[in-house]
Amino acid sequence: MASSLLILGGMAGMILSVGLLSTTAGRSLPGLVVGFGMVAAGVGMAIGQARESARWAVPVRDLARNLAAFNDRPGESWDLPSTPGLAELIPPIYDLQTRYLSLRGRDDSTDLADSGEMRQVGPLDARMTRSGSYEPPIIERPTLGTGEFSTVDMISRLHPRTLRWLESSQSERDFLGWSLAQLQDKSFLDIVHADDRKLAKQQLRAAIERGEGHGLIYRIITARGETRAVELNVGVRYGADRRVLHLRCHLTDVTAKLRDETELRRRTLELTQANDELRRANRALEELKDRYSDLYENAPAMYFTVDRQGQFQECNDTLVRTIGHPKWELLGRPVARLLPEGRRPTPADLFAEVPRDGSIEFESVWSKRDGQTIDVWVTGTAVANADGKVRHYRCVAQDITARRILEAELQVKNDRLALANAELSRKNKELDEFTYVVSHDLQEPLRTLIAFSDFLMRDQGDRLDDAGKEYVRYLVEASRRLRALIQDLLSLSRAGKVTAEFARVDLGEVVDVLKSDLSELIRTRNAEVRVLGPLPAVWGDRDRIGQLLANLVVNGLKYNKKPEPRVEIGAAGPSDGRMVTISVRDNGIGIEPQFHAKVFQLFRRLHTREEYEGTGAGLAICQKIAQAHGGRIWVESTPDRGSTFFVTLPTPPGAVAAKRPEVLHAP
Amino acid sequence: MHPDFHILLIDDSHPDVKIIERALHEANVQHRLTVIHDGRRALEYLQRLRDPAVPADREPDLILLDLNLPGVDGSQILAEVKADLYLKAIPVVVLTTSRRDEDILATYQAGANTYIQKPAEFPRFRELVVTLSSYWHQTALRAPRDRPKG
């Protein structure tokens, strides 16, 4: 108490001094009095304060420690110790503490710093000392209107058996939306979402047995019908006899948190998915890159780019593999360096001459590292900058060595074939020439033979006996036969020569001429030559085609024993657009099947001369004429019933043009 | 026919000459025939005709020329005759065995007035000779001509 008085005395002195200062300022003499008063007051205050501090230090420290301990437990500050009555003490203690601290704050901190005990006061003290200057702690005074509960925290007491509310903090009631009276009629489980109720029941039971339960999360339905997520921390409170008094519950609204967590989880999931997607895309990209890279590097063609100086800028593995030089040896070197030694580069090899359209195409020879050379076919395009200047050339080179070899071989073969062909046609010509010359030269002596056997018969016939006459007749007949053979041979040699200009040949006209030429034969044989339907026009040598048809018609009449021989000429229908087939049918003696092919052989006769005259060249000539027109000839025949000869001949080119009426040229 | 119708036959083949003689005879062609069997001699004969000393009756009114001669070829003789201003008026009938178009065309191009194919059949040949002789003798008498002087 004495120290209090001292403090009061000091303070009074101080007030006095201040009063003097304010009233007597500016005067020199009373200043001495004032100075004395100030000193006296200061000394008195210092002494009093020290004594007070010592006296309050211990209880205040204990209290502060307790309070700090409460403060250290979040959500449980201002919880009530079990001893009733103490609660009433707390507000005054707070006051005391506040007062004490404010007192200490005005004090010089140095003397307190020496006191080790004081430094352990707690967070409030630490806060103060850290800041270096004191500020009154912001401490909300608990409002006791709701009983013992905090207005901030949602705290309640539940009956351990019924789980009905016994107490509820204001904030909890606000949160749940029921008054305490209403809550006291409810079990906690009533407000839990039906789906969570079973779990809540189990967990609360377990918590009661264990004495506590933490982090229990349920959905609840508030009075307003909202569904909220709450975290329930529950502790069991016991009485002195270890009897369960109640469940102390602390609710936390975790709806937002859960929502946040869900959101976070969702975001995380999305992110993970995006990440996976990205990774997949990356992998696909990588694969694509690999694929294109593989395509570029290992394509069966040599890809490369060339700069404006004609130097390799880039090349693919195929080129490296083909040429054999490592890549670093190629890049930056002129493409023309690949030319074999001694070969002069062309402008194309140097990429010096590029056509307007920017495309390059040339053939060259490249030397491989092993000294072998390959033929290459290079194609490229110029890649231009925005300003139109050539940046580089994108090129591809193909190894065409094999193709070249093949071409060369083919060329050789072609040449050989052409040679053989020329040889063949020369021989053919020679043969024709030979046939002609032989038959021509044979005619000379034959003519003499014929002429003089005729003279002999005429001049000396009277002097010859019958045998002599017969011999001369044999001579004449043999000569005539020989002449016929020679003439057929001549015809045959001519038959192959249809090189004369082909023209449109109207077969109807040809047959008319033929019938007129053969009119004598037709008349004497009492024969008939008929045309079946309109005959088409063909493309060929008119005389030869006439000869062909005449031979067939004459054969049909000649090899015929019928009293009324008949030959019918008709078109057997177009075999295709290019050739027409002509048929010549007779009612003659027919041909045995085994001779169907042989009848076309030269001088092949199926009958004796006594039966039928002829050399056996007629059908050979027909065949040669047909072949010379690109056609063919064959026979279908039944002995005694007759034969039908078929000949294919080319149709006139542009059948439409052939039908066009002739245009007379204006004079 | 005019007995002075002078035919110069140039043919190396004796049988052919015989046949032609007989054909001319049987065709009742009044003629005088000179036969030369050799191409060179025939050429010499024709070239000598320009000589004023040579009697005019040696000049033929018609030349029958075989193209196929040893030594100097018949076509060469034809060319010489047709290149000569004096001789080219003499009609030349080429005797040929060839039926080839190109041979006949070549004959005409060389200046032959016509040709006779030597036929294997004598009667036909005789008819040809008759036709020919009457044509040249009766309707296509040579234009009057003067020998070159000096």
Side-chain angles (χ1 to χ4, degrees), chain A residues 429-461 472-473 475-501 541-544 547 615 617 621, chain B residues 9-29 33 35 37-39 64-71 73-75 93-108 115-130 132:
Chain A
K429 206 170 171 191
E430 265 180 18
L431 200 67
D432 277 345
E433 193 67 26
F434 172 79
T435 314
Y436 178 80
V437 169
V438 163
S439 51
H440 182 258
D441 289 353
L442 282 176
Q443 271 188 321
E444 294 273 350
L446 184 63
R447 195 176 53 247
T448 310
L449 204 60
I450 290 169
F452 286 93
S453 44
D454 181 44
F455 296 161
L456 186 66
M457 199 64 164
R458 285 202 283 150
D459 297 355
Q460 314 291 332
V472 176
R473 200 176 70 241
L475 258 179
V476 172
E477 277 175 16
S479 307
R480 288 201 176 132
R481 210 162 52 243
L482 188 57
R483 193 193 62 203
L485 284 172
I486 287 166
Q487 277 172 352
D488 283 345
L489 215 52
L490 273 170
S491 289
L492 187 72
S493 80
R494 277 199 300 268
K497 287 190 193 171
V498 287
T499 45
E501 261 121 79
D541 184 324
R542 175 179 282 268
D543 293 345
R544 301 278 181 266
Q547 185 182 6
T615 60
I621 290 168
Chain B
L9 173 61
I10 308 168
D11 197 334
D12 65 319
S13 162
H14 289 272
D16 279 358
V17 170
K18 212 74 180 167
I19 291 169
I20 288 162
E21 278 178 354
R22 186 163 175 138
L24 285 170
H25 175 75
E26 290 189 10
N28 285 321
V29 177
L33 187 69
V35 179
H37 295 290
D38 181 81
L64 291 177
L65 176 66
D66 182 15
L67 288 183
N68 195 15
L69 294 172
D73 193 65
S75 52
V93 175
V94 165
L95 301 168
T96 176
T97 51
S98 174
R99 281 184 182 175
R100 279 203 291 201
D101 294 345
E102 56 260 45
D103 289 348
I104 292 161
L105 194 68
T107 307
Y108 275 115
Y115 72 99
I116 302 177
Q117 264 181 1
K118 288 182 180 173
E121 297 272 3
F122 177 75
R124 276 193 59 211
F125 183 67
R126 189 180 54 204
E127 284 165 29
L128 263 176
V129 171
V130 171
L132 192 76

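For the numbers below, each heavy atom of this structure counts, side chains included, while hydrogens, waters and symmetry mates do not. Per chain, numbering begins at 1; letters A, B, ... match sequence-line order. It should be emphasised that the depicted structure is a prediction, and the values quoted were computed from it without experimental measurement.
Between Asp459(A) and Arg22(B) there is a salt bridge, since at least one side-chain N of the basic residue sits less than 4.0 Å from a carboxylate O of the acidic one.
Using a 4.5 Å heavy-atom cutoff, the side chains of Thr448(A) and Lys18(B) are not in contact.
Expressed to the nearest 0.5 Å, how far CD1 of Ile19(B) lies from CZ of Phe452(A) amounts to 4.5 Å.
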